[in-house]
Q: 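Quick one: the structure is below, questions incoming.
Atoms within a ligand are numbered from 1 in the order they appear, just like the ligands themselves.
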Amino acid sequence: MAHITIFVSGSIAAYKAVYLMRSLQKNGHHVKVAMTKAATKFVGTETFSSLLHEPVLTDLFDHNDGHIAHIEFADWTQLAIVAPASADIIAKMANGIADDAVTSTLLAVHAPTIVVPAMNSHMWEKSATQRNLRLLKSDGYLIMDPVDGQLAEGYAGKGRFPEPELIKEFVEGQLGNHGLLAGKKIVVTAGGTLEYLDPVRFIGNRSSGKMGVAVAQAALSMGAQVTLIAGTMSVAVPSNPHLQIISVKTTEEMLTKVNEQFTDCDALIMAAAIADFKPLHLADQKIKKHPGENEWTLKLETTPDILATMGAKKQSQLVVGFAAETQDLLNNAEHKLASKHADMIVANDVAKACSGFGTDTNQVTILQPGEKPQAWPLMSKAKVAQRLMKLVAQKLGK
Ligand code: CTP
């Protein structure tokens, strides 16, 4: 249980800070809130204060009874979160400006500070914003990158505030509260792999990387050192000092990187959707179409099976695979468990609307050698990941 202060600045995402506050309270933390004037235009102070049962700090001169409220706030804080952080507050923090209750308190905070930017994508991309973020990073602030998606302006871009659940996990990771995986190295693969046909074309798949990122986040929140080997992804990966990200494209590149990371890891979680076949020949030049040719045949050959390769060479490592099925879920998953020498298979029916590619939820069944399959209820991918990593921690003897 920690003393956490949320600093809310002027962004349309300010209302999401209410969910973040609730979710941190539910985890048993004591939360205080400070808001800029602009933030109060988006959410009333009463929304926070009635849930906190204490006033929100908005004004430097609120207390004229001898208290210096912003210094007391700063001294009380064990972890500060600036969420949402507007371009304006980022600029002020980067330059040490203290011209209101929020920026003055932030300047006095001597606890780790997480900054969660949220703004229009053009404001995010501006070199001034990026320069200010670099300054904050070099000053030791932890930046949780915004995500790609639909913005309030009606178009898509980078700048969206991450889901409060993800921020909470990031926070827990910083606090090291759930030390279940402390001292463990966890390797996670995420996203899809692609295979090139020629210099401009490839074969790929629909994996978004959501499940793998959720697994990495869950492991981080339990204190693990995580290596995320990321293929093609449509979700952003929040930065974290305990997270190493290795980007790959093809199955062979992923195999090389998994192989390098496997020797000293405690567990490998293969959440990536891997291309099973690749073109037999990779054309040096762009393949041209010819008049009168209405069909075209592509010859494919199999790619290496990474999970099976690691399953065959594992020593003390725990090897966890996923099984994406559209039919006969349990039989197919049982077969993968045995043939790939995995210690666990997380099976999901990707034909269901609530499970699988691109969804935020998943309904999985856990298979382990010699044990009855455990069907878990439909949950968010973040919750599935948390429960999975708890099980992994148990298996690792924690
Ligand atoms: N996998 C792997 N290497 C491959 C194919 C799959 O490591 N070349 C891993 C996946 O990351 C996953 C597990 O094996 O953890 C099962 O993947 P899945 O796509 O469900 O099954 P496949 O093994 O590809 O078999 P099939 O396509 O016949 O269902």
Side-chain angles (χ1 to χ4, degrees), residues 186-196 202-216 218-219 227-233 246-262 265 267-280 300-314 317-352 355-359 362-369 373 381 384-385 388-389 391-392 395:
I186 310 292
V187 177
V188 183
T189 65
T193 60
L194 52 83
E195 301 299 340
Y196 292 100
F202 57 79
I203 305 173
N205 65 60
R206 289 171 49 206
S207 174
S208 64
K210 269 186 194 161
M211 194 62 232
V213 169
V215 168
T227 300
L228 181 73
I229 302 177
T232 54
M233 315 256 287
I246 299 174
S247 295
V248 296
K249 296 244 183 303
T250 65
T251 304
E252 254 137 47
E253 281 168 23
M254 187 172 272
L255 173 64
T256 306
K257 294 299 171 189
V258 170
N259 212 9
E260 280 171 18
Q261 297 294 325
F262 189 67
C265 83
L268 167 69
I269 319 291
M270 290 289 305
I274 292 163
D276 291 319
F277 296 96
K278 65 171 190 173
L280 190 55
L300 302 172
E301 62 176 336
T302 51
T303 55
D305 190 313
I306 304 174
L307 180 60
T309 311
M310 299 305 132
K313 67 181 265 191
K314 70 177 185 211
Q317 298 93 333
L318 191 82
V319 172
V320 180
F322 276 67
E325 306 296 346
T326 55
Q327 57 179 347
D328 208 3
L329 179 78
L330 288 185
N331 279 335
N332 283 330
E334 283 287 1
H335 174 71
K336 284 175 191 171
L337 181 70
S339 64
K340 300 188 189 222
H341 307 288
D343 298 297
M344 202 185 291
I345 287 281
V346 182
N348 68 324
D349 187 340
V350 287
K352 283 191 189 155
S355 281
F357 295 119
T359 61
N362 222 348
Q363 199 271 302
V364 303
T365 301
I366 306 293
L367 290 97
Q368 296 174 80
K381 284 186 173 169
V384 172
L388 176 65
M389 292 321 291
L391 189 57
V392 166
K395 297 273 155 197

Q: Mark yes or no for whether Glu195, through its side chain, and Thr251, through its backbone, hold a donor-acceptor pair below 3.5 Å.
A: yes

Q: In this structure, which one of Leu307, Ile345, Thr309 forms a side-chain contact (heavy atoms from CB on, under 4.5 Å) with Lys340?
A: Leu307

Q: Using modelled atom types and a 3.5 Å cut-off, is there a donor and acceptor pairing between side-chain atoms of Thr189 and backbone atoms of Ala272?
A: yes

Q: First locate atom CD1 of Ile366, then atom CG of Leu391, and finally report the distance between them rounded to the nearest 0.5 Å.
A: 6.5 Å

Q: Is there side-chain contact between Asp276 and Thr302, with at least one heavy-atom pair below 4.5 Å?
A: no

Q: Hey, could you give me the CG/CD1 distance between Asn259 and Ile229, rounded to the nearest 0.5 Å?
A: 9.5 Å

Q: What does the 4.0 Å heavy-atom contact list look like for ligand 1?
A: Met270, Ala272, Ile274, Asp276, Thr303, Pro304, Asp305, Ile306, Leu307, Gly321, Phe322, Ala323, Ala324, Lys336, Lys340

